[in-house]
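A short write-up of the structure that comes next.
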Amino acid sequence: NAGVTQTPKFQVLKTGQSMTLQCAQDMNHNSMYWYRQDPGMGLRLIYYSASEGTTDKGEVPNGYNVSRLNKREFSLRLESAAPSQTSVYFCASSEGDSWDEQYFGPGTRLTVT
Amino acid sequence: AQRVTQPEKLLSVFKGAPVELKCNYSYSGSPELFWYVQYSRQRLQLLLRHISRESIKGFTADLNKGETSFHLKKPFAQEEDSAMYYCALKKTSYDKVIFGPGTSLSVIP
């Protein structure tokens, strides 16, 4: 099992450019999450998907959109990147409706200039 | 709103010394609490959870509902414990996880 995979690992964008971060899991998990990690702020939830076909806003959704393409894949899109979106982005998944742990991807380091 | 606080951004201890990473939460119900750890160049991973009441890598954490705390403790720190530690809260089994800001632990040889 690869677990949770994310692409790309690194990305540099110019202000105003758009891009999509891809995430996939092979553990048949129901729930998937997108976080951003910033120094001193910890992990902040951007969006999550409790199950296939549903998405909900997290703590910091502005400037982002998500798509739960199927049970395996959950993508995060930046329509018009801003320097404030420079961060490390983590995707995670969990079985869903239980006291279960989250499994994290390796992260995507995004720089917006 | 539910909140998780970790008052120390950085914590340095000598090898062999006891270590305590503090975590406080604000929630009036009975949440499930977790500690996640991120070692250098590794993925964020679960260290332990309140409901399991187990010791992992020598670490333990006790939920104190009166003080709304879930501090992580280890009696003798090792160099390999150096990492970023996140406390996290889940209100119900169906809810999302809320993470604290994290504490970077450095164990000095």
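Chain letters run A, B, ... following the sequence lines, proteins first, then strands; residues in each count from 1. Computed from a predicted model, the values in this text were never measured in an experiment.
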Using the rule that Ile, Leu, Val, Met, Phe, Trp and Tyr join whenever any side-chain heavy atoms are under 4.5 Å apart, tell me whether [X] and [Y] fall into a single cluster.
{"X": "Phe70(B)", "Y": "Leu72(B)", "value": "yes"}
{"X": "Tyr47(A)", "Y": "Phe90(A)", "value": "no"}
{"X": "Phe74(A)", "Y": "Val88(A)", "value": "no"}

For [X], does the [atom1] atom have more than 12 heavy-atom neighbours from other residues, nucleotides or ligands under 6.0 Å away?
{"X": "Met41(A)", "atom1": "CE", "answer": "no"}
{"X": "Phe76(B)", "atom1": "CZ", "answer": "no"}
{"X": "Lys71(A)", "atom1": "NZ", "answer": "yes"}
{"X": "Arg77(A)", "atom1": "CZ", "answer": "yes"}

For residues [X] and [Y], determine if any side-chain heavy atom of one lies less than 4.5 Å from a side-chain heavy atom of the other.
{"X": "Gln37(A)", "Y": "Tyr86(B)", "value": "yes"}
{"X": "Leu43(A)", "Y": "Leu44(B)", "value": "yes"}
{"X": "Val4(A)", "Y": "Arg43(B)", "value": "yes"}
{"X": "Gln102(A)", "Y": "Tyr36(B)", "value": "yes"}
{"X": "Tyr48(A)", "Y": "Val97(B)", "value": "no"}

> Between Glu101(A) and Gln45(B), does any side-chain donor sit less than 3.5 Å from a side-chain acceptor?
Replying inline: no
> Heavy-atom distance under 4.5 Å to chain B: side chain of Tyr103(A), backbone, both or neither?
Replying inline: neither
> By a 4.5 Å heavy-atom criterion (distance strictly below it), what part of Gln42(B) contacts chain A: side chain, backbone, both, or neither?
Replying inline: neither
>> For the backbone of Pro101(B) and the side chain of Arg44(A), can you confirm whether one donor and one acceptor N or O come within less than 3.5 Å of each other?
In response: no
